[in-house]
Amino acid sequence: MAVTKHTKQILARLDEAYGTEQICYLNHENAWQLLMATILSAQCTDARVNIVTKDLFVKYDSLEKFANADVKELEEDIRSTGFYRNKAKNMIACARRIIDEFGGEVPSSLDDLTSLAGVGRKTANVIRGNIFHDPSIVVDTHVKRISKRLGLTKHEDPYQIELDLMKELPKDHWISYNMQIITFGRQICIARSPKCEECFLADLCKVKGK
DNA sequence: CTCCCGATAT
DNA sequence: ATATCAGGAG
């Protein structure tokens, strides 16, 4: 499967602008912390998640603490991330199942990860990429919006977008693409008001200025 | 498809 | 007032 010149140009400019180093914007010290942080990041900015987890991971300093947490208390501890009832319930169930079914270790396969409460394809791929360094494409709102703007996919469904990107992007760019697009999406191709005047991909964009 | 749901920019 | 933010489950 040949990579189109259009795609090569995009990747070359992203590499030049942001490098290819693997960076995670969710603060964490281990696998279960990243898992909990990623569950919290659903429909919430990473900046907000980092504020919450700063205290959260001191109070809950192990999976066992989450497994035995009081739901109401955990709800208040994570309230500002939104969807706090679902998230608190999922975090507790998730911690219990990792302890009971996976010997206390965060599993590495997509199927095992998505079998956990509150863990969908996006969260699972964050863990696979950042913890286990398995090539994976995380389709979040930035990747979705910008991949469409750049003409790398026409789909709305995140899984279909993931398949399109896996076909179009060389495997060694999968992880860096995610980091680059998130950075790009926050600095330039902002959802509410994209800065097309200062965008280094404007000439390759399908919907420039719209 | 609907519901979960607070913080922030416009 | 409205859209959007590193989504997932029923």
DNA chain C contacts made by [range], counting heavy atoms under 4.0 Å:
range	result
residues 173-184 of chain A	Ile182(A)
residues 45-53 of chain A	Thr45(A), Asp46(A)
residues 129-143 of chain A	Asp140(A), Thr141(A), His142(A)
residues 104-122 of chain A	Leu116(A), Ala117(A), Gly118(A), Val119(A), Gly120(A), Arg121(A), Lys122(A)

Check your understanding: Does anything in residues 14-42 of chain A reach DNA chain B, meaning a heavy atom under 4.0 Å, and if so which residues?
Key -> none
Let me know the distance between [atom1] of [X] and [atom2] of [N], rounded to the nearest Å.
X	N	atom1	atom2	value
Ile127(A)	dG7(C)	CD1	C1'	14 Å
Gln43(A)	dG8(C)	CD	C1'	9 Å
Ile190(A)	dA6(C)	CD1	P	11 Å
Ile78(A)	dG8(C)	CD1	P	15 Å

Taking only residues two or more places apart in sequence, or in another chain, which ones meet [X] in a side-chain hydrogen bond (donor to acceptor under 3.5 Å, both in side chains)?
X	answer
Lys65(A)	Asp61(A)
Glu156(A)	Lys144(A), Lys148(A)
His142(A)	Arg145(A)

Review point. If you draw a 6.0 Å radius around NZ in Lys59(A), do more than 12 non-hydrogen atoms from other residues or ligands fall strictly inside?
Key: yes
Check your understanding: So does Gln9(A) have more than 12 non-hydrogen atoms from other groups sitting under 6.0 Å from CD?
Key -> yes
Practice item. Check for a donor-acceptor pair, side chain of His6(A) on one end and backbone N or O of Leu150(A) on the other, with a separation under 3.5 Å. Key: yes
Check your understanding: Is the side chain of Asn27(A) donor-acceptor paired with the backbone N or O of Asn50(A) at a distance under 3.5 Å, no angle test?
Key -> no
Review point. In terms of the angle between their ring planes, are Phe66(A) and Tyr60(A) parallel, tilted or perpendicular, with boundaries placed at 30° and 60°?
Key: parallel
Please name the pair of heavy atoms, one in [X] and one in [Y], separated by the smallest distance, quoted to 0.1 Å.
X	Y	result
Glu168(A)	Leu152(A)	CG-CD2, 4.1 Å
Leu110(A)	Ala124(A)	CD1-CB, 3.6 Å
Arg79(A)	Tyr84(A)	NH2-OH, 3.2 Å

Check your understanding: Between Thr7(A) and Leu169(A), is a side-chain contact (heavy atoms from CB on, under 4.5 Å) present by the stated rule, with each step listed?
Key -> CA-CA 7 Å; Thr7(A) 302; Leu169(A) 304 181; 3.8 Å; yes
Check your understanding: Going hydrophobic residue to hydrophobic residue with side-chain gaps under 4.5 angstrom, can you get from Ile51(A) over to Ile78(A)?
Key -> no
Exercise for review: Group every Ile, Leu, Val, Met, Phe, Trp and Tyr by side-chain heavy-atom contacts under 4.5 Å, then state whether Ile182(A) and Val49(A) land in the same group.
Suggested key: no
Check your understanding: Looking at Arg145(A), does any N or O in its side chain come under 4.0 Å of the phosphate oxygens OP1/OP2 on dT4(C)?
Key -> no
Check your understanding: Using atom P of each nucleotide, how far apart are dT10(B) and dA6(C) to the nearest Å?
Key -> 14 Å
Practice item. Using the C1' atom on both, measure dT2(C) against dC5(B) and round to a whole Å. Key: 16 Å
Check your understanding: Could you give all pairs that pass the side chain to side chain donor-acceptor pair (under 3.5 Å) test and reach residues 176-187 of chain A, with sequence neighbours left out?
Key -> Asp15(A)-Gln180(A), Tyr25(A)-Thr183(A), Asp46(A)-Arg186(A), Ser147(A)-Tyr177(A)
Review point. The side chain of Thr123(A) lies closest to which of these nucleotides: dA6(C), dG7(C), dT4(C)?
Key: dG7(C)
Exercise for review: Using a strict 4.0 Å threshold on nitrogen-to-oxygen distance, state whether Glu16(A) and Arg13(A) make a salt bridge.
Suggested key: no
Revision key, fill the gap. Which of Leu113(A), Val119(A), Thr114(A) passes side-chain contact (heavy atoms from CB on, under 4.5 Å) with Pro107(A)? Answer is Leu113(A)
**Study point:** Range on DNA chain B touched by chain A - first to last nucleotide, heavy-atom distance under 4.0 Å
**Key:** dC4(B) to dT10(B)
Contacts table for residues 36-44 of chain A: side-chain donor-acceptor under 3.5 angstrom, sequence neighbours left out:
from	atom 1	to	atom 2	distance (Å)
Thr38(A)	OG1	Leu34(A)	O	2.6
Ser41(A)	OG	Thr38(A)	O	2.8
Ser41(A)	OG	Lys122(A)	NZ	3.2

Revision key, fill the gap. Contacts of Lys89(A) and Ala191(A) projected onto DNA chain C by closest heavy atom; the upstream (5') one is Ala191(A)
Considering only distance and modelled atom types, tabulate donor-acceptor pairs under 3.5 Å from the side chains of residues 89-96 of chain A, sequence neighbours left out.
from	atom 1	to	atom 2	distance (Å)
Asn90(A)	ND2	Asn86(A)	O	3.2
Arg96(A)	NE	Ala67(A)	O	2.7
Arg96(A)	NH2	Ala67(A)	O	3.0

